[in-house]
Number of protein chains: 2
Amino acid sequence: MPTRSEEDHIKAVYTLLQEGDSAFTKDIAERLQNKASSVTVMLKKLAEKGFLKHEPYYGAKLTAKGRGFALQLVRRHRLWETFLVERLGFGWDEVHEVAEQMEHVKSEKLIDKLDAYLGKPHFDPHGDPIPDKKGVIRERKTRRLDSCAAGDHVRIAAVSETTDGLLRLLDSKGLRIGTSLMVQEVHAFDGSMDVKPKSGSAFSLSKDVSHHLQVEKGKP
Amino acid sequence: MPTRSEEDHIKAVYTLLQEGDSAFTKDIAERLQNKASSVTVMLKKLAEKGFLKHEPYYGAKLTAKGRGFALQLVRRHRLWETFLVERLGFGWDEVHEVAEQMEHVKSEKLIDKLDAYLGKPHFDPHGDPIPDKKGVIRERKTRRLDSCAAGDHVRIAAVSETTDGLLRLLDSKGLRIGTSLMVQEVHAFDGSMDVKPKSGSAFSLSKDVSHHLQVEKGKP
DNA sequence: AAAATAGATTAGTCTTGTCTAATAATGAGG
DNA sequence: CCTCATTATTAGACAAGACTAATCTATTTT
């Protein structure tokens, strides 16, 4: 049974591999607010315990065991985030840190019951998929909003960054998971775009913002 | 900000002082599954930090600061137990260990919102009082069932031991918090008593059991 | 009052997880 | 191909928190 620090490292590796295709010591260290040397030591230990393969100087890859473990952590994290937002009334920009603590509570039964209580949700408040008990993630075909062209009709599926600033900005513009948009115009010089929500008037989004919005096709 | 281990020690001292009037090294050690020598070291540290007074060889007493801290832990523990039983459908004999982990999650806002979500309950599923945000406990005048005499009408207010065995026994007899009983007869030779629930037929309770039931007066 | 016993404390060790400093490997540019 | 900047690793120190063994204190028993 991994310690809390071990769990954090496994999850960091998983997340980095999701975002790109590599998990380097430096990036893991940055994410965990640790020094690289500490991470090296930890990776060696986790490799011995069979959670990952550590190729010195070339980063880490998860084993099946490590991946399964990481998926349970992600599941726990996202279920708690869902609980905090949907039941306790937290804003979606406030839940990350708390869920980060709750995900380490060890009780399989607790997660089973929480899952049932929330209605076995497939997505968390940021639109990220929640792995099921077996670690299976239901896939959606989404693209980044900044890859869309004028005239596209789309629905916001997920927000791929969870910094407080971005989430509050979206909130203030009335942009939520599920909000339908039409892309009116894309400005080549700075990548900003004008979008019009189904209900409400049009406004502009900078590339910084549209880059982090995952959307799926809506009806045209 | 105390560490998890420090929190555990503070709470153990608080609980022992509630149950009796002393918190000795040995008893703290037993409760935390630690050795006495480890506890001594910890008590010295907590005394330096101002959470308690440590009188070597005569145990520990909490300071106001330590008591306030312990009350917040108790509050968190009992709110989570209430959540687990009332919302997630856990049995009241299954929640202790999980709540023991959840009580260490640090977020004042979380507890405020949980409290509101549960309807600001004053008692947990075992009938124990939940301190409010300021640490104030609403008192009730209760007595142990084994101090009652034949003919008394009482209502179960709390169960003062939370071992799985006792709680399951009570469950199987239909005894819950709030159940009304009439004491039919007390047997002097072994302290057992016959009781009759308002609805249902009479049965016998051993002294072991009646000793741990806190009751309040019901209507005669 | 002395001895015995239960419990508490101290001293010293070990493990875990972190750090800093020193050393080594990689990959890019000249 | 060599050098340099970046990143990784190793080695050694340190703090927290637990343990064992040895010592000490308080209390009870004789």
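Residues satisfying the side-chain hydrogen bond (donor to acceptor under 3.5 Å, both in side chains) test with R4(A), not counting sequence neighbours, are none. For H187(A), the ring-ring contact (aromatic ring centres under 6.0 Å, His included) criterion is met by no residue, not counting sequence neighbours.
In this structure, M1(A) atom CE and dT16(C) atom C1' are separated by 18 Å, rounded to whole Å. Atoms CD1 (I28(B)) and P (dA8(C)) sit 9 Å apart, rounded to a whole Å. Atom C1' of nucleotide dT16(C) and atom CZ of R4(B) are separated by 16 Å, given to the nearest angstrom.
Counting only residues at least two apart or on different chains, the side-chain hydrogen bond (donor to acceptor under 3.5 Å, both in side chains) pairs with a member in residues 134-147 of chain B are T142(B)-Q214(B), R143(B)-S147(B), R144(B)-D146(B), R144(B)-H211(B), D146(B)-H211(B).
Remark: the backbone N or O of T15(B) is not paired with any side-chain donor or acceptor of R31(B) at under 3.5 angstrom. The closest donor-acceptor contact from the side chain of K173(B) to the backbone of D171(B) lies at 3.5 Å or more, if one exists at all.
Taking every nucleotide of DNA chain D with any atom under 4.0 Å from a non-hydrogen atom of chain A, the first and last of them, 5' to 3', are dT7(D) to dT10(D).
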Between protein and nucleic acid, restricted to nucleotides 9-11 of chain C and to nitrogen or oxygen atoms under 3.5 Å apart, what atom pairs and distances do you find?
from: dT9(C); atom 1: OP1; to: H54(B); atom 2: NE2; distance (Å): 2.9
from: dT9(C); atom 1: OP1; to: Y57(B); atom 2: N; distance (Å): 3.1
from: dT9(C); atom 1: OP2; to: T25(B); atom 2: OG1; distance (Å): 2.9
from: dT9(C); atom 1: OP2; to: T40(B); atom 2: OG1; distance (Å): 2.9

Should W80(B) and Q101(B) be marked as a side chain to side chain contact (heavy atoms under 4.5 Å, CB included) after you check the CA-CA gap, both sets of side-chain angles, and the distance that decides it?
-> CA-CA 10 Å; W80(B) 282 121; Q101(B) 296 181 64; over 6 Å; no
What side-chain donor-acceptor pairs closer than 3.5 Å can you find for residues 49-69 of chain B, not counting sequence neighbours?
from: K49(B); atom 1: NZ; to: E6(B); atom 2: OE2; distance (Å): 3.0
from: K61(B); atom 1: NZ; to: D21(B); atom 2: O; distance (Å): 2.8
from: T63(B); atom 1: OG1; to: G50(B); atom 2: O; distance (Å): 2.8
from: T63(B); atom 1: OG1; to: F51(B); atom 2: O; distance (Å): 3.0
from: T63(B); atom 1: OG1; to: K65(B); atom 2: N; distance (Å): 3.4
from: T63(B); atom 1: OG1; to: G66(B); atom 2: N; distance (Å): 3.1
from: K65(B); atom 1: NZ; to: K49(B); atom 2: O; distance (Å): 2.8

